[in-house]
Chemist: 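Dropping a structure here in structure tokens format, bear with me for questions.
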Amino acid sequence: MTDRLDERRIALAIVGASVALFLALFAIQGPAFQTPDDAKYVGLGLNILDGKGLVTDFGAPILYHAPVWPLVLAVPKAWLGLDPFALGHVIEAIAAALSMLFAAALAWRYRPAAGGVTAAALLATPYLANLARSAGIDLPATAFVLAYLWVAVVAIERGSARLGLLAGLLFGAGFLIKETVIPFAPVPFLAALLGMVPARTIGRVSAAALLAAAVTSAWWFVLYAQLTGQVYRVGGPAWLLVPIGLAVVVVVIVGLALPRLSRSALGQALDARLSGRRSRVLRAVVAWGGLGVWLLGQLAIYAVAPKLSGASIVRLSQLVADVSRYLPQIGMIVAIGVVGALLALRAARSQPVWQLLFAGVAQVALIVLVLGIGETPRHYLATLCLGAALGGVGFVAVARRAFAGSDRWLLLGAVGIVVLAGGAQLLHSRHVSLNAPRALAAGVALLIAFGLLRWTWLRFERRLTAVRPRLAGTLVLTAVFLSSAAIATATAARGSAGEASIANRNRALAEIGAWLRATVPPGQTVSIGPALAYELALEVHGSLRVVRALPERAIADPSTPTGLRLSKSAGVAPLTLETALRKVDSLDTYSSEHLLKQLRVAGAVLWIEAGYLAPDVESTPLTEALKNAAGARLAMRWSYPLKAGELVVSAFWLDLAGLEFRPDVTYAQPEAVDVLARMLAEDGSRDAATAFLDRLIVVPPGDAADAALARLRSVAAP
């Protein structure tokens with residue numbers, strides 16, 4: 001009893017210390033530079049308050065999320081004059097702390113030490129800290145997801161409809177912030193089937209949760225149906241809301257009435273059948289089968305998502321690119337989750353484990369979609385937190401077995417994997433690339449460390465196994481916390497160059513915004529390129545009309561003369577070629593035809609082109625196109641040093657009547673030429689490669705440009 005009490009006290013202290021240290025490092029680092037999404041949401045909220053509707057500063061409707069988060073940021077700015085990004089920074093800190101606490105609470109249900117390990121593991125996750133420095137939507141949504149899961153689990157255990165209502169309220173609030181909460185909806189109730197909870201209890205609590213969630217979110221479904229004529233995230237005509245609403249009402253009524261219905265003869269017989277030992281197989285089939293059907297249903301919907309642009313949801317090239325890009329950032333937490341889950345299934349199969357495992361699996365379909373479209377891990381941040389909780393359970397469970405005299409090599413091997421992942425993550429955070437020699441050195445170091453651990457264990461085996469298994473979790477917890485604190489502190493201790501970059505970007509917005517307000521006559525239109533578009537639009541919100549001339553997406557198509565199919569200008573040679581953000585199988589392009597049409601329809605008199613450029617690069621492809629175009633005149637150029645390279649912004653006056661681009665030239669980045677060569681090689685478009693060689697001007701010229709052109713020549717060669 002004393003051991004258990006000590007574990008609880010130490011675990012509680014370490015959870016508190018982890019959250020406190022996280023918030024302290026968070027405060028020291030300060031906010032990051034606003035992201036395009038941050039600026040977009042603030043502008044959207046201000047437009048709603050101005051009576052313009054659910055549109056961005058560029059007039060584009062935004063209906064893929066409910067407008068709750070934009071209003072949270074915009075209302076204090078509009079009514080109180082508060083900085084929305086500072087406010088968002090505070091909310092993110094609270095959301096990060098709550099995410100750590102609820103993830104720890106879910107693991108605590110197995111043992112207190114597991115909760116402490118979870119909080120400590122999240123402390124050492126730079127990705128969580130980086131997201132918290134923004135005013136983004138993902139951390140608040142994650143906090144609601146984890147809170148919903150914990151409250152729903154407790155509600156089912158206690159058979160409390162009131163807690164079920166609270167769970168549904170949390171679910172509805174999370175849904176209104178970001179609908180990535182949806183995959184977790186049935187998780188607590190499906191997992192409860194494996195715990196032999198009476199069916200009437202599951203039905204009653206789930207009905208209460210459904211009622212609260214429906215009441216909380218119904219207004220958004222109705223508003224979306226009025227604006228679009230469709231059902232939100234489901235598709236189909238708006239009238240389908242009527243049968244869907246009736247179905248929800250029926251389910252709620254039946255679920256809440258289950259305790260009374262169970263007192264009937266039929267109800268008692270059914271309850272006895274579902275509560276006996278022989279029902280375990282049936283319950284397992286329903287639970288796992290329900291989870292499988294839920295996953296397949298999500299996958300079927302995601303497979304036709306518009307963001308895939310008709311491509312397959314699983315593409316090896318995109319998957320490899322995503323893993324190589326993001327795994328160094330989240331490698332340690334992924335290792336803890338995956339290895340910990342396997343350890344938990346080996347040594348700690350219990351209801352808390354099933355609950356965490358079901359929750360972790362529930363978002364797999366969404367993760368597949370995120371990888372398919374090349375998006376960032378922020379969309380499955382809740383699953384990363386749940387992985388930390390599973391890891392906490394697994395490592396504590398196996399540690400207890402190891403100190404009892406078994407599984408010691410399994411524990412040491414698992415720790416080695418996590419240490420290797422943590423080392424790679426730390427190198428990445430310090431901007432050190434993990435090349436082959438460094439990877440080899442890391443592997444040798446890991447083998448040496450494993451050998452030393454093995455020697456130490458063998459030498460002190462009697463003393464170690466004399467430690468009672470109950471204290472093993474506490475020892476692991478303390479070691480993890482100390483390691484995590486060191487990693488978090490080292491990661492946060494960045495040089496002043498990063499902060500200087502943020503200050504310079506903020507200075508750029510202020511200076512360029514002031515120049516635009518002083519230079520462009522009221523009522524005239526400014527067109528802003530993709531980089532800094534939402535940020536600059538927010539800077540001049542309410543004083544100038546701004547538009548955004550979007551690039552087209554180009555994918556390989558051997559049936560076209562250029563070997564590329566542009567989304568808006570089929571068969572037309574592109575004016576510019578740039579790599580697409582996070583996409584490996586397409587390019588971002590402007591065609592003269594589509595760009596001129598956008599500018600003339602908007603009536604733009606000025607173009608703002610910004611780019612984050614490497615030290616040896618002076619302009620973007622579109623900047624070069626405008627420099628050499630008739631009817632475009634350079635008005636101003638700004639340059640701001642960053643940690644790596646510089647932010648370069650150019651302003652061009654436009655004479656729309658005389659604006660013409662050179663028809664025989666395509667301006668391209670060297671990296672874009674590399675992608676073009678690969679795309680044309682895969683489709684056998686040698687003629688198109690030859691044609692591009694005659695028209696390409698690579699920006700900037702130099703060794704990289706020559707190497708990229710050589711690769712394109714190899715495709716064109718007979």
Chemist: Under the side chain to side chain donor-acceptor pair (under 3.5 Å) test against Y640, which residue among R507, E511, R505 passes?
Modeler: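 Exactly one option meets the side chain to side chain donor-acceptor pair (under 3.5 Å) with Y640, and it is E511.
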
Chemist: Are any of the side-chain heavy atoms of P574 and F692 separated by less than 4.5 Å?
Modeler: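 Contact flag for P574/F692 side chains = yes.
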
Chemist: Could you check whether any side-chain N or O of D38 sits under 3.5 Å from a backbone N or O of A135, counting only pairs where one atom can act as donor and the other as acceptor?
Modeler: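 Such a contact is found between D38 side chain and A135 backbone.
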
Chemist: Is any side-chain heavy atom of E535 closer than 4.5 Å to one of P36?
Modeler: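 The answer is yes, as the side chains (C-beta and beyond) meet within the 4.5 Å cut-off.
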
Chemist: Assess whether side chain to side chain contact (heavy atoms under 4.5 Å, CB included) is satisfied between T690 and R713, documenting all intermediate values.
Modeler: CA-CA 7 Å; T690 302; R713 288 191 191 96; over 6 Å; no

Chemist: Under 4.0 Å between a side-chain nitrogen and a carboxylate oxygen: does that hold for E682 and R678?
Modeler: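 Salt bridge between E682 and R678, a charged N being under 4.0 Å from a carboxylate O: yes.
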
Chemist: For the pair Y41 and H65, name the ring-plane relationship: parallel under 30°, tilted 30 to 60°, perpendicular over 60°.
Modeler: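 Y41 vs H65 ring planes: tilted.
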
Chemist: Once rounded to the nearest 0.5 Å, what's the spacing between atom OG1 of T125 and atom CD1 of I333?
Modeler: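 Atom-to-atom, T125:OG1 and I333:CD1 are 3.5 Å apart.
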
Chemist: Compare all side-chain heavy atoms of R553 with those of D588 and state whether any distance is below 4.5 angstrom.
Modeler: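 Sidechains of D588 and R553: in contact.
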
Chemist: Is the shortest side-chain heavy-atom distance between R517 and E539 below 4.5 Å?
Modeler: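 In contact.
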
Chemist: Tell me, do D57 and L538 make a side-chain contact under 4.5 Å, heavy atoms counted?
Modeler: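 They are in side-chain contact.
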
Chemist: Would you call L532 and L647 a side-chain contact if the rule is heavy atoms closer than 4.5 Å?
Modeler: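 Yes; the side chains approach each other to less than 4.5 Å.
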
Chemist: For the residue pair L596 and E660, what are the closest heavy atoms and their distance?
Modeler: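 Smallest interatomic distance, heavy atoms only, reads CD1-OE1, 4.1 Å.
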
Chemist: Which pair of non-hydrogen atoms, one from P641 and one from N504, has the smallest distance, and what is that distance?
Modeler: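 Where P641 meets N504 most closely, the heavy atoms are O-ND2, 2.7 Å.
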
Chemist: Hey, what do you get for CG (L709) to CD1 (I697), rounding to the nearest 0.5 Å?
Modeler: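 Here the interatomic distance stands at 11.0 Å.
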
Chemist: Counting distance only, does the side-chain N/O of Y127 pair as donor-acceptor with the main-chain N or O of R378 below 3.5 Å?
Modeler: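 Yes.
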
Chemist: Under the side chain to side chain contact (heavy atoms under 4.5 Å, CB included) rule, what do I555 and D585 come out as? Steps first, then yes or no, please.
Modeler: CA-CA 7 Å; I555 61 175; D585 53 2; 5.9 Å; no

Chemist: Counting only heavy atoms not in K597, do more than 12 fall under 6.0 Å of its NZ?
Modeler: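 No, because the 6.0 Å sphere around NZ of K597 holds 12 heavy atoms or fewer from other groups.
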
Chemist: List the atom of R133, the atom of I502, and the distance in Å for their closest heavy-atom pair.
Modeler: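 Here R133 and I502 meet closest at NH2-CD1, 3.8 Å.
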
Chemist: Tell me if a side-chain donor or acceptor on T560 pairs with a main-chain N or O of D557 at a distance below 3.5 Å.
Modeler: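 Looks like yes, one N/O pair under 3.5 Å.
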
Chemist: Is there a side-chain contact between Q34 and V42, using heavy atoms and a 4.5 Å cut-off?
Modeler: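 Side chain of Q34 against side chain of V42, heavy atoms only: no contact under 4.5 Å found.
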
Chemist: What is the distance from atom CG of L613 to atom OG1 of T623, rounded to the nearest 0.5 Å?
Modeler: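 Answer for the CG-OG1 pair, L613 versus T623, is 7.5 Å.
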
Chemist: If you count the non-hydrogen atoms of other residues, nucleotides and ligands that lie under 6.0 Å from CG in D687, is the total more than 12?
Modeler: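 It does not: D687 CG has 12 such atoms or fewer within range.
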
Chemist: Tell me if a side-chain donor or acceptor on T525 pairs with a main-chain N or O of R545 at a distance below 3.5 Å.
Modeler: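 No, T525 side chain to R545 backbone: no donor-acceptor pair under 3.5 Å.
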
Chemist: With rounding to the nearest 0.5 angstrom, report the OG to CZ distance, S134 to F33.
Modeler: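 CZ of F33 is found 12.5 Å from OG of S134.
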
Chemist: Are the side chain of R233 and the backbone N or O of Y64 linked by a donor-acceptor pair below 3.5 Å?
Modeler: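 Checking the backbone N and O of Y64 against the side chain of R233, a donor-acceptor pair under 3.5 Å is found.
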
Chemist: Which is it for W607 and L659 under the side chain to side chain contact (heavy atoms under 4.5 Å, CB included) test, yes or no, and what are the steps along the way?
Modeler: CA-CA 12 Å; W607 177 282; L659 183 61; over 6 Å; no

Chemist: Is there a donor-acceptor pair under 3.5 Å between the side chain of Y590 and the backbone N or O of A549?
Modeler: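 Answer holds: yes.
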
Chemist: Let me confirm one number: the CG-OG1 distance from L676 to T589, rounded to the nearest 0.5 Å.
Modeler: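 Spacing of CG (L676) from OG1 (T589) equals 11.0 Å.
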
Chemist: Is a side-chain donor-acceptor pair under 3.5 Å present for Y534 with R548?
Modeler: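 Side-chain D/A pair, R548 to Y534: present.
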
Chemist: Quick check against the 3.5 Å criterion: does E552 have a side-chain atom that pairs as donor or acceptor with the backbone of K568?
Modeler: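 Between the backbone of K568 and the side chain of E552 there is a qualifying donor-acceptor contact (under 3.5 Å).
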
Chemist: From the options Q669, M679, E578, select the one residue that forms a side-chain contact (heavy atoms from CB on, under 4.5 Å) with L587.
Modeler: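 So, applying the side-chain contact (heavy atoms from CB on, under 4.5 Å) to L587 and each of Q669, M679, E578, only M679 qualifies.
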
Chemist: Would L516 and L606 count as a side chain to side chain contact (heavy atoms under 4.5 Å, CB included) here? Give the steps.
Modeler: CA-CA 10 Å; L516 285 171; L606 187 75; 3.5 Å; yes

Chemist: Show the nearest heavy-atom pair for residues S591 and V572, with the distance to one decimal.
Modeler: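 Closest pair (atom of S591, atom of V572, distance): CB-CG1, 4.2 Å.
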
Chemist: Take atom CD in E618; do more than 12 heavy atoms of anything else shown fall under 6.0 Å from it?
Modeler: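 No, because the 6.0 Å sphere around CD of E618 holds 12 heavy atoms or fewer from other groups.
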
Chemist: With a 4.5 Å heavy-atom cut-off, do T142 and L384 have their side chains touching?
Modeler: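 Of all side-chain heavy-atom pairs linking L384 with T142, none is under 4.5 Å.
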
Chemist: With E624, which of N628, L626, L622 fulfils side-chain contact (heavy atoms from CB on, under 4.5 Å)?
Modeler: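 Considering N628, L626, L622, a side-chain contact (heavy atoms from CB on, under 4.5 Å) with E624 is found only for N628.
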
Chemist: Show your reasoning for whether side-chain hydrogen bond (donor to acceptor under 3.5 Å, both in side chains) applies to T383 and Q363.
Modeler: CA-CA 7 Å; T383 298; Q363 210 181 23; 2.3 Å; yes

Chemist: Using the ring of each side chain (for Trp, its six-membered ring), is W515 parallel, tilted or perpendicular to W653, with breaks at 30° and 60°?
Modeler: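 The rings of W515 and W653 sit tilted, inter-plane angle from 30° to 60°.
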
Chemist: Please determine whether the number of non-hydrogen atoms from other residues, nucleotides or ligands lying under 6.0 Å from atom CZ of R565 exceeds 12.
Modeler: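 No, CZ of R565 has 12 or fewer neighbouring heavy atoms, counting only those of other groups under 6.0 Å.
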
Chemist: Do the side chain of R600 and the main chain of L656 share a donor and acceptor less than 3.5 angstrom apart?
Modeler: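 Yes; at least one donor-acceptor contact below 3.5 Å.
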
Chemist: Considering non-hydrogen atoms only, spot the tightest contact between A388 and A121 and give its length.
Modeler: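 Looking at all heavy atoms of both residues, the shortest contact is CB-CB, 4.4 Å.
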
Chemist: Could you state the interatomic distance from CG (L575) to CZ (R662), rounded to the nearest 0.5 Å?
Modeler: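 Atom-to-atom, L575:CG and R662:CZ are 10.5 Å apart.
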
Chemist: Using every non-hydrogen atom in the two residues, find where H379 and T376 come nearest and quote the distance to one decimal.
Modeler: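 Minimum heavy-atom contact is CD2-O, 3.3 Å.
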
Chemist: Please indicate whether D703 has more than 12 foreign heavy atoms, meaning atoms of other residues, nucleotides or ligands, lying under 6.0 Å from its CG.
Modeler: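 It does not: D703 CG has 12 such atoms or fewer within range.
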
